Structure formats: C-alpha cells, structure tokens
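Read the structure below first, then the notes.
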Amino acid sequence: MSGVTINNVKKAYGGFEILHGIDAEIQDGEFVVLVGPSGCGKSTLLRMIAGLEGVTSGTIAIGDRVVNEVHAKDRDIAMVFQNYALYPHMTVEQNMGFSLKLAGRKAPAIRTSVEQVAGFLGLSPLLRRYPRQLSGGQRQRVAMGRALVRNPKVFLFDEPLSNLDAKLRVQMRSEIKSLHRQFPTTAVYVTHDQVEAMTLADRIIVMCGGRIEQVGTPGELYEQPANLFVAGFIGSPAMNFLPGELADDVTSVLLGEQRVSVKAPGHAKPRQRVTVGFRPEHVRFCDSGGIHFKVADVEFTGANSYVTGHIGREQICASIGGRAHVKAGQSASIAIDPASIHLFDTTTGKALA
Amino acid sequence: MRRIFWRIALYTSVLLVTTIILAPVCWMFIMSVSSMTDLTARPMQWLPATMDFSRYRMLLTFEPNSPGEIFLLALRNTFLAAAGASILSLIVGFPAAYSFSRLPGRRAPLLYLVLSTYMLPSAALILPIYIALSAFGLLNTPFSLAVVYCSIVLPFVVWLLTGNLNTLPREIDQAAAMDGANLWQTIRHVVLPLSGAAIGTAALFGLLLAWDEFFFSLILTNDLRAKTLSVAIADFAAGRATDYPLIATAGLLSALPPVFIAFFLQRSLVKGLAAGSVKG
Ligand SMILES: Nc1ncnc2c1ncn2[C@@H]1O[C@H](COP(=O)(O)OP(=O)(O)O)[C@@H](O)[C@H]1O
Ligand SMILES: [Mg+2]
C-alpha cells in the first residue's frame, strides 16, 4: 500500500493542453474521488496514474517512487474500466486469475486466491462462466474481483457504475464502500456523479476544464464551497444563486428589494457586488416578514417536496421535508438562515471567506 | 398477393445468380467426361454419349512423363507457394497490423502506402523481381514464388487484420497491461486468441489469392520443379493436339481444394468479415 503524489502534472494532446497543472496528495489507504463534468480530464488524469497515458510535464509518484517512466505493468496498480474490459475468451476464474498467472504463481495458489475473492463477491457459482454469459452487474463484479485478487498498491476506478441501472448502482456503491473498509487500499475513483462522489469519498477532488477547483471532504465541499463552480456542482438539487449587493456595513445584502442579514468576512467591501448562494434545503417558509416568493410549481417526491418559484425575476428552488403547504401561483414568504448563506465575489467567482 | 409476388421474384433472382455461377462449372464437368469427338462434333453434342472418367484417373496417377506427373507436381507446387505465402504473410502481417492498430504515432499514411502496393500492376513489379531472384539464384522454386506472392497477399492480410484489431476494444489490452502483461504476453494471451476468426479469414483469402495467381508463376517458373497449376493448365492448352476434356478435368480438380477449404472455413470466414458489426 502507498499513497499517490501528483505534482504540477500537465497533459497535452498534439499541443492542445487539457490538464493545466494538477497538484494532489492522496494518502495511503485513502478513498479519493475525482469528480467533475464530462470532458474535464478526470479519465486522462486517472489513466496517467495508471501508466496508460504519458505525462507531458510534472511528476506522478506512487509511494516514494516517481513512476513517470515506469510501464503500466510494473506499477502494481489495478484498474476497473467503465466497460469492464473483461477478457471475452476466458472464464470468470481465468479472468480473475490472469494477473497471478502472469506473476508466475502456481495453479493451486491461484485457485485459492480466486476462490477466496469470488466467495467474497458472491461470484463462486459463476467461476466457470464466460463474460458473455453474465449480466451487467455480474460483469462489474468480476471486474472488481480481477482487481481485488491482485492485492495491488492502488485501485483505480473509471466510472465503474455508469453502465448499471439505478438500483444496482446504489447497491454496488455501498458494496464498494464496505469493501474499502475491509481492505483499506489507496483508491482513486472517477465519476461525473456528485452523489456517488459524496457517498463514497474520504476526500473529493472537484475538477473542471482541466483544473482542480477544490479538494476536501464531502462535508467541507458541501459546507464551504470555495467557488461558484463547486457550490453549484455539489448538492442536489443545486444551490440557488441570486445577484446582490453588500450594504455599507457589510452585515446585510440587498436581494431585489429585500434586505437580508449575512455574515460577511472582514475584508468584504461595502457596496461590493456579490452572488448570494443558498441551498434549497436551507429555505424555510414563514408566515410574514420574509423574502417575497412567488410559487411556480410544487413537486412532491414522498420524503420531500421541491418548490420552484421566483424571487423578483430570479428562479430558485426550495426543498421542504414532507408535504409543502403552498400551491402553484400562490405568493409566499421565505426565510434563509444567515449562517447557511454563501457569498461569492461576482467577478472572480471565489467565495468571500 | 404482393408478398407472393416478391417471394417469386426473390427466388427467381437467386436461381438466376446460381445458374450464372454454376453453369460454367457444370459445362466444365460435362466437358471433362466427354470424348474429344463429342466436343468437336457438328452439330454440337451437348451431352456425351458415354461418361468417360479416364482423365481423372490419368491426372491423379503419378507416372513419369505423363499429364499426371505434370498435374500432381503442379498441385504440390501451388500448395507450397500458396500456403507459404499465406503463412509468411500472417507471420509478418499480424505484428504489422497490431502496430497499425495499437501503437501511437502517425502510421496512417504508411498503411495507405501498404495498401497502394496492392494496387500496383504485377507487370510493373515483375522485372525488378525477376532480376533480384535471378541474382540470388532463386528462380524456379516454390519457395521464392511464395515470397513473391507475399507482395499480393501481405497488403491484404495487413489491411484485414488491422480492421479487425480496430474493432477489439483497446481497454482489453490495457486491462492486460494493468494485470502485469508485457507486449508479448498481451498479444499471446489476449489479442491472438481473440483474433482467431480474423486470422482464419486472412489465411484463407491469402491462400485463395495465391492459388489462382498466373502471371508471376508464368514468368518466374519454367519446369515441373516450380510450375503451378494455373500455368500447367495453360501448358495443356498450348500443346499441339489440345485435349479439351483433359484441360476441363485439370481445371475442375484444381478448383476443388479451395472450394473445400472455403466450405469448411465458412463459419470462421463469415465471423471474420462481420467482426465489428456485432459486438460479442
Ligand atoms: N487521445 C486523445 N486525443 C486528444 N484529445 C483527447 C484524447 N483523450 C481525451 N482527449 C480530450 O481530453 C479531454 C478530457 O478527456 P477525459 O479525460 O476523457 O474527460 P472525462 O473523463 O473527465 O470525461 C476531452 O476534451 C477529450 O476530448
Ligand atoms: Mg471519462
């Protein structure tokens, strides 16, 4: 087991740079999720750690060893691919045992290891089958098993659950999590799904456009997003944003015609233009004296109701536990706890903190 | 009503195509069991008075200075040249195809260059090839014919295998690399076993391309040590007293091996050609 250190790593394809200097420190045994919108370079970064892509500049180290020039096969890393990439001409048992066979282990030893991991993943009855005879979920499990058998230094996952249906995805998610608890090996997991990131990660690296936007625990990202991108990306439904202006004493902000008290940091300037962010789940309906809110639509999902509507001309969403007592077309009054309001510099997009 | 009409139209066209393909073969068979007088009689005698299979026996019996000797040695030479060309092309072509399909770099122009040699007319190549072979004392051997046939077979094999390897997901090679396989192990344990159908198809096409070849064989061979079937049959026709039934028999017999091979490899053939259209 060892950590992964990524130092000012850049990647260019034919002169076109797609990763612009990535720095990250992944601790030994940590489960880190790389999350970001499609095309932001997550897979590329993961494949560079794996050794499947060259590093244009910067260094990647596994443990204490810089591996830029080390071939993928010699990095002692296991990877689970999005399309599983099982060997179609080998049985489940052969798929899982292939790495051990290459490593020169004897057949009985390979069998023991494979059977142990297969038992663990519930694959024992399937060992004689070929990948084409398996369901999507079973193939996924075999891909995991193939990685687990090796007992590598680092696990890499590239969107391993994105080809599964929603129910299976939730189930596999919790299985991966409990697996990591039992075998705390360093893991880097790529996904574009922020819910997957929040539920799996010890720490999350949020990427956008080839850059790291923020690194932190799920709690930190949710509670203290460093910028507008992270604030909007983490959390579902997404954070509401309204344009506003700090008052002269910087203890309140003007939202449309309403004055809302906020906790702005010391360096905030009077009359500064800011973007006010607050999460749907932090909106409360109150009887009177709050912000004027015109309800446009109410969606009842069972546990929650999502109420969309407008403050002035800006659309926002509120998430209320249970049933909402407002109706479409109605006017209402809402309140937001000052402690749960986030302020961002409108020009830079950075959090005021 | 309409459906019946289409059905009839379909079967009629199938029948038509089959007839067009099979008619010459049938005629060749009839010729091969006719007597010379049947074939030269006026008016034309379409069916022979008696079936005479003596030419088959003649061609398949090895006797010095007989048509049988010529035919059987030519059969051997053709087989050596065609199989040799096919095997050599696979040995060289598979690594080339793997490299075109998998290794980074700007190899696409090179692939087109390889393909363009396929388009070169044999007549343009024959003189340099003749001079080179004669300088090495390699004229008139089935082995050198096999090497020369590679110039026809190899571009085709590279092209076919590259196309097939391109349909194999790269992640499979990469998974093997992550499992600790080096290039050779990846090819040996993963890529080769998954390319069986394509290799079979390439081998078969290589065999067929070389089996029919006439021009190179005509120029580069001059006696029984290396002469191939296509040239031997032409020789039968060039004799003073042309024996039509004998030529027909030789033609029919020389067509049998490729037909048999194609028949037995049909499954692999279809699979190899269709790879990529269906994901397995
Ligand atoms: N082999 C390549 N050649 C050129 N551009 C590439 C290549 N691979 C990926 N890219 C580009 O790099 C960017 C990041 O890709 P990727 O890492 O796959 O994104 P993600 O996994 O975050 O969706 C994309 O814009 C993609 O078009
Ligand atoms: Mg990706």
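In what follows, chains carry the letters A, B, and so on, assigned in the order in which the sequence lines appear, proteins first and then strands, with residues in each chain numbered from 1. Everything numeric here is computed off the predicted structure, so don't read it as measured data. Note that these values count all heavy atoms, side chains included, but never hydrogens, waters or copies made by symmetry.
Environment of CZ in A:R111: sparse, with no more than 12 heavy atoms of neighbouring residues, nucleotides or ligands closer than 6.0 Å. Remark: B:I4 CD1 is loosely packed, at most 12 non-hydrogen atoms of other residues, nucleotides or ligands lying under 6.0 Å away. Open room surrounds CZ on B:R188; 12 or fewer heavy atoms of other groups in view lie less than 6.0 Å from it. Within 6.0 Å of the CD atom in A:Q182, the count of heavy atoms belonging to other residues, nucleotides or ligands exceeds 12. Residue A:D165 places its CG atom among more than 12 non-hydrogen atoms of other residues, nucleotides or ligands, all under 6.0 Å distant. Residue B:F214 qualifies as enclosed at atom CZ: its count of foreign heavy atoms under 6.0 Å is above 12. Around the CD atom of A:Q171, the shell of radius 6.0 Å holds more than 12 heavy atoms that belong to other residues, nucleotides or ligands. Within a 6.0 Å radius of CZ in B:F79, other residues, nucleotides and ligands contribute 12 heavy atoms or fewer.
Among all heavy-atom pairs drawn from A:R150 and B:M178, the shortest one is NH1-O, 2.5 Å. The two residues B:A175 and A:A85 come nearest to each other via the heavy atoms CB-O, 3.7 Å.
Counting heavy-atom pairs closer than 4.5 Å to chain B, the top-ranked of the candidates A:N83, A:L156, A:D74 is A:N83. Per-residue heavy-atom pair counts under 4.5 Å with chain A were compared for B:T186, B:D173, B:L194, and the maximum is reached by B:L194.
Within the 3.5 Å criterion, the main-chain N or O of B:H189 finds a donor-acceptor partner in the side chain of A:H89. Proximity of a side-chain donor or acceptor of A:Y87 to a complementary backbone N or O of B:A176 within less than 3.5 Å is detected. Between the A:R146 side chain and the B:D179 main chain, no donor and acceptor come within less than 3.5 Å of each other.
Put simply, the side chain of A:F98 reaches to within 4.5 Å of the side chain of B:V190, judged on heavy atoms.
Contacts between residues 89-103 of chain B and chain A, defined by a heavy-atom separation under 4.5 Å, are made by no residue at all. Applying a 4.5 Å heavy-atom cutoff, the residues of residues 39-58 of chain A that approach chain B are A:R47, A:A50, A:L52.
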Worksheet item: Yes or no on side-chain contact (heavy atoms from CB on, under 4.5 Å) for A:Y84 and B:E171, after CA distance, side-chain angles and deciding distance?
Response: CA-CA 8 Å; A:Y84 316 139; B:E171 281 86 353; over 6 Å; no
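Of the atoms belonging to B:N182, heavy atoms from both backbone and side chain fall under 4.5 Å from chain A. Only the backbone of A:L86 has a heavy atom closer than 4.5 Å to any heavy atom of chain B.
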